[in-house]
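One structure, pasted below without further comment.
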Amino acid sequence: MKAHLTQLLATAAKSIAPDLNADSILLDRPKSAEHGDFSTNLAMILAKSLKQNPRAIATQIIAALPTNDYITKTEIAGAGFINFFLSAQSRQMVVRDIFTAGTRYGCNTQGHDAQGKPQKVQVEFVSANPTGPLHVGHGRGAAVGDCLARLLDASGWNVTREFYYNDAGAQIDNLTISVLARCKGISTEHESFPENGYRGEYINDIAAAYLTKHTVVADDIEVTASGDINNIESIRSFAVAYLRHEQDLDLKAFQIEFDVFSLESALYSEGKVEKTVNALVASGHTYELDDALWLKTTDFGDDKDRVMRKTDGGYTYFVPDVAYHAEKWNRGFVRVINEQGADHHSTITRVRAGLQALDVGIPAGWPDYVLHQMVTVMRGGEEVKLSKRAGSYVTLRDLIEEVGVDATRYFLAARRADSQLVFDIDLARTQTNDNPVFYIQYAHARICSVLSQWAALGNGTTVPLVSADLSPLTNAHEVALMQRLSEYPETVENAATELAPHVIANYLKELASDLHSYYNEYKFLIDDEAVKIARLSLISATQQVLKNGLDLLGVAAKERM
RNA sequence: GCCCCCGUAGCUCAGUGGAUAGAGCAUCCCCCUCCUAAGGGGAGGGUCACACGUUCGAUUCGUGUCGGGGGCACCA
């Protein structure tokens, strides 16, 4: 419908301002129903170049609109807005559109290339170090990243979900000596416990499992502990495998699946780090100073150069990162989105600088980043800071166990990633309209209930809702609901473009609100067969859109509460 | 000191170069002989942190100030 109107408007505008770029024609959804179904500020935009009063231009545009069946009324309002009022029939078309598209309603082809083929995009998210259980911050990354992947999938992209394990480097050394200390029975308070060691109870669990020669399986590896406390390598590989397994369980509990797990250690063992370093040296963007190798990241906008190879011979963390991203490019991802905590934002400039230095045709702004801010967990009006297992933070699994997967996912994805988030456990647990997850799921369940009751007592009626005569749908609630349903595809498109899953969460709240209002005002299972079928058709379409939207968030569309 | 995010109702948060800045909670009032009241309707509540610019028009864009958070390692 929007496309139809834009077309009409373009035709009219061309006759008045031939030079006008058609892309600059924008149709808005007015906030108030008094302002019609659509409005445009086109006349005001043209005022300057045409040197005329916006309202006068608006009059001309309206006069030049081709005749059509969609618009029943136009008006000029305010400083020069043109408001369009749709015919009842035009408004009702969305219901049939939804039935036709079904689960695909709201999908688009933004991600297709010129040949109409889905392009490859990778979403890398969570990517926690295997040094402890996943915490709420990882949960936010998981919820946002997974929704982004779903949004991109709905937008015609060929999506790969990827988790990168930093299973090499200093933090793993730290983990290893922490476990070693526990194997030796050193308490976390004792002075000989590693100063920056990990102190959560899970370290104790790992040590105990190691000493009793347990076997752990994670993703594609299986490691059996030697139980030998003098074998540092054995402790290291066992501890990493143990925590990867733990994180797998965390992800499973959160219903997040990945297509690919990449290991930092593999980049070393396969020589890709070395290869990248050689390429960077060959590029001329490096230099030796004070027994270290530096990358001139200042050539690419950084405020100081960065060390690549430390005086001890090891590489700094961003070198494997650059190697990893060069690999992503080689794997054919035209687009990569890294979902990370904002505390790692300083890596962005370095990784991009490294990729530019390689000079292999990678675009300057590649890859994209979505950064999320911190999460504060509240219970009973007080901040929850500790978990028994992890010691220093709230684990994702604790949260899921307490409030459930649906609420956890919803709450963590329902806020803009770049603002700090307060997770209110009490709110997430309530089962009233205070809780948006419940409110939305309830709207869906109510529709299911009505439809099943109709099916149960509807002997004789064989009129399929799909082909119902929709002309009875004319009251204010029905108009509002149909309008909202017709906004869904734009909403999905916008959320994908902005990489903003919270847009979907907000939309669903409003759609649910429209449904509840309608439900409260009108009955559906009534004697008037024509009106009944039309209304059931509308709520059935609403049910579909609620389900489609909830699917994008990874939240269940329950049939019963 | 420098860099990045944020600052909107008492609280948690949406929104946006345009028409009267929205929602939920909280407070107050109202609605079940009726498909789930796990719901709905209404009232009150705002200097969109502040200042100055750009613009026909700024809460939105720019600069600065002040708050809050995060980052400034040869850690990741």
Side-chain angles (χ1 to χ4, degrees), chain A residues 28 30-32 34-35 39-41 44-45 47-48 53-54 77-81 83 127-129 131 166 168-174 196 264 289-294 302-304 306-318 320-321 340-349 371-374 376 378 381 411 414-424 427 430-436 438-439 441-443 445-454 457 477 502-503 505-507 509-510 512-513 515-526 532 535-536 539 560-561:
Chain A
D28 291 323
K31 285 174 219 154
S32 158
E34 292 167 32
H35 296 136
S39 77
T40 183
N41 62 355
M44 290 183 275
I45 301 285
K48 199 163 209 176
N53 178 323
F81 292 100
N83 296 335
S127 296
N129 291 342
T131 54
N166 289 109
Q171 295 306 322
I172 301 301
D173 294 340
N174 198 3
N196 297 314
E264 181 184 8
L289 179 71
D290 300 334
D291 292 328
L293 179 67
W294 296 69
D302 203 353
D303 50 11
K304 57 175 274 200
R306 306 290 168 176
V307 168
M308 291 171 59
R309 190 171 56 227
K310 301 179 276 186
T311 43
D312 69 4
Y315 293 114
T316 55
Y317 71 91
F318 86 92
D321 257 13
Q340 307 181 341
D343 54 343
H344 287 184
H345 83 259
S346 58
T347 64
I348 298 174
T349 312
L371 303 178
H372 64 260
Q373 297 286 330
M374 294 191 59
T376 311
M378 304 287 286
F411 275 69
R415 300 282 182 244
R416 295 178 45 179
D418 57 11
S419 61
Q420 293 164 43
L421 184 150
V422 176
F423 193 114
D424 183 340
L427 178 60
T430 60
Q431 309 206 339
T432 66
N433 66 346
D434 304 5
N435 181 344
F438 232 83
Y439 186 74
Q441 289 180 320
Y442 182 38
R446 270 186 151 172
I447 297 171
C448 292
S449 171
V450 172
L451 292 176
S452 68
Q453 284 175 59
W454 172 63
L457 52 83
H477 283 96
H502 75 278
V503 168
N506 289 327
Y507 171 85
K509 240 173 16 182
E510 290 177 341
S513 171
L515 187 278
H516 286 306
S517 293
Y518 183 36
Y519 183 96
N520 216 257
E521 187 80 19
Y522 293 95
K523 273 187 71 71
F524 308 128
L525 300 176
I526 52 177
K532 176 173 78 181
R535 288 181 180 171
L536 291 175
I539 63 168
R560 201 164 289 138
M561 302 303 289

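By convention in this document, chain letters (A, B, ...) are assigned in the order of the sequence lines, proteins followed by strands, and residues within each chain are numbered from 1.
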(message) Measure CG/A/L536 against C1'/B/C35 and give the value in whole Å, please.
(response)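 Rounded to whole Å, this separation is 10 Å.
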
Please list, for nucleotides 2-5 of chain B, all pairs of protein and nucleotide N/O atoms separated by less than 3.5 Å.
from : atom 1 : to     : atom 2 : distance (Å)
B/C5 : O2'    : A/Q373 : NE2    : 3.3
B/C5 : O2'    : A/D418 : O      : 2.3

(message) Using a distance-only criterion (donor-acceptor N/O pair, under 3.5 Å, no hydrogens), is the base of B/G71 paired with the side chain of A/D343?
(response)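 Side chain to base: no pair present.
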
(request) Evaluate the ring planes of A/H516 and A/Y439, with Trp represented by its six-membered ring, and classify them as parallel (under 30°), tilted (30 to 60°) or perpendicular (over 60°). (result)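 Rings of A/H516 and A/Y439: tilted, as their planes differ by 30° to 60°.
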
(request) Between B/G40, B/A76, B/A14, spot the one nearest the side chain of A/N506, thanks. (result)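 So the nucleotide nearest the side chain must be B/A14.
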
(message) Under 4.0 Å, heavy atoms only, any strand: does A/L421 hit a base, just the sugar-phosphate, or nothing?
(response)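 The residue A/L421 makes sugar-phosphate contact but no base contact.
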
(message) In whole Å, I'd like the distance from the CH2 atom of A/W454 to the C1' atom of B/C35.
(response)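 Distance, rounded to whole Å: 14 Å.
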
(message) At 4.0 Å (heavy atoms only), tell me whether A/T311 reaches a base, stays on the sugar-phosphate, or touches nothing.
(response)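 Base: the residue A/T311, judged by heavy atoms under 4.0 Å, touches a nucleobase.
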
(request) Can you tell me, in whole Å, how much space there is between the C1' of B/U8 and that of B/G24? (result)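 Those two atoms are separated by 15 Å.
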
Could you list all N or O pairs between the protein and nucleotides 19-27 of chain B that sit under 3.5 Å apart?
from  : atom 1 : to    : atom 2 : distance (Å)
B/A19 : OP2    : A/K31 : NZ     : 3.3
B/A19 : N6     : A/S39 : OG     : 3.0
B/A19 : N6     : A/N83 : OD1    : 3.3
B/A19 : N1     : A/N83 : OD1    : 3.0
B/A19 : N1     : A/N83 : ND2    : 3.2

(message) Taking side-chain hydrogen bond (donor to acceptor under 3.5 Å, both in side chains) as the definition, give me every residue that meets it alongside A/T316, ordered by chain and number, with sequence neighbours left out.
(response)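 Residues passing side-chain hydrogen bond (donor to acceptor under 3.5 Å, both in side chains) with A/T316: none at all.
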
(message) Looking at B/C32, which nucleotide sits across from it as a Watson-Crick or G-U wobble partner, both distances under 3.5 angstrom, or is there none?
(response)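 The base-pairing partner of B/C32, which may sit in any strand shown, does not exist here.
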
(request) Nearest whole angstrom, please: distance from the P of B/A37 to the CG of A/N520. (result)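 Computing the A/N520:CG to B/A37:P distance gives 8 Å.
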
(request) Classify the nucleic acid contact of A/Y519 as base, sugar-phosphate or nothing, counting any heavy atom under 4.0 Å across all strands shown. (result)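 Result for A/Y519 = base.
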
(request) Take A/M44 and A/R306, find for each the nucleotide of RNA chain B with the closest heavy atom, and name the residue whose nucleotide sits nearer the 5' end. (result)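 So the residue in question is A/M44.
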
(message) Taking only the C1' atom of each, what is the distance from B/C25 to B/C32 in whole angstrom?
(response)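 B/C25 and B/C32 have their C1' atoms separated by 24 Å.
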
(request) Please state the P separation for the pair B/C13 and B/C56 - nearest whole angstrom. (result)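 Taking atom P in both B/C13 and B/C56, they lie 38 Å apart.
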
(message) What's the gap between B/A14 and B/A23 when it is taken at their C1' atoms, as a whole Å value?
(response)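 B/A14 and B/A23 have their C1' atoms separated by 7 Å.
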
(request) Check whether NZ of the Lys or CZ of the Arg A/R446 lies under 6.0 Å from the centre of the six-membered ring of A/Y519 and within 45 degrees of that ring's axis. (result)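 Pair A/R446/A/Y519 counts as cation-pi.
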
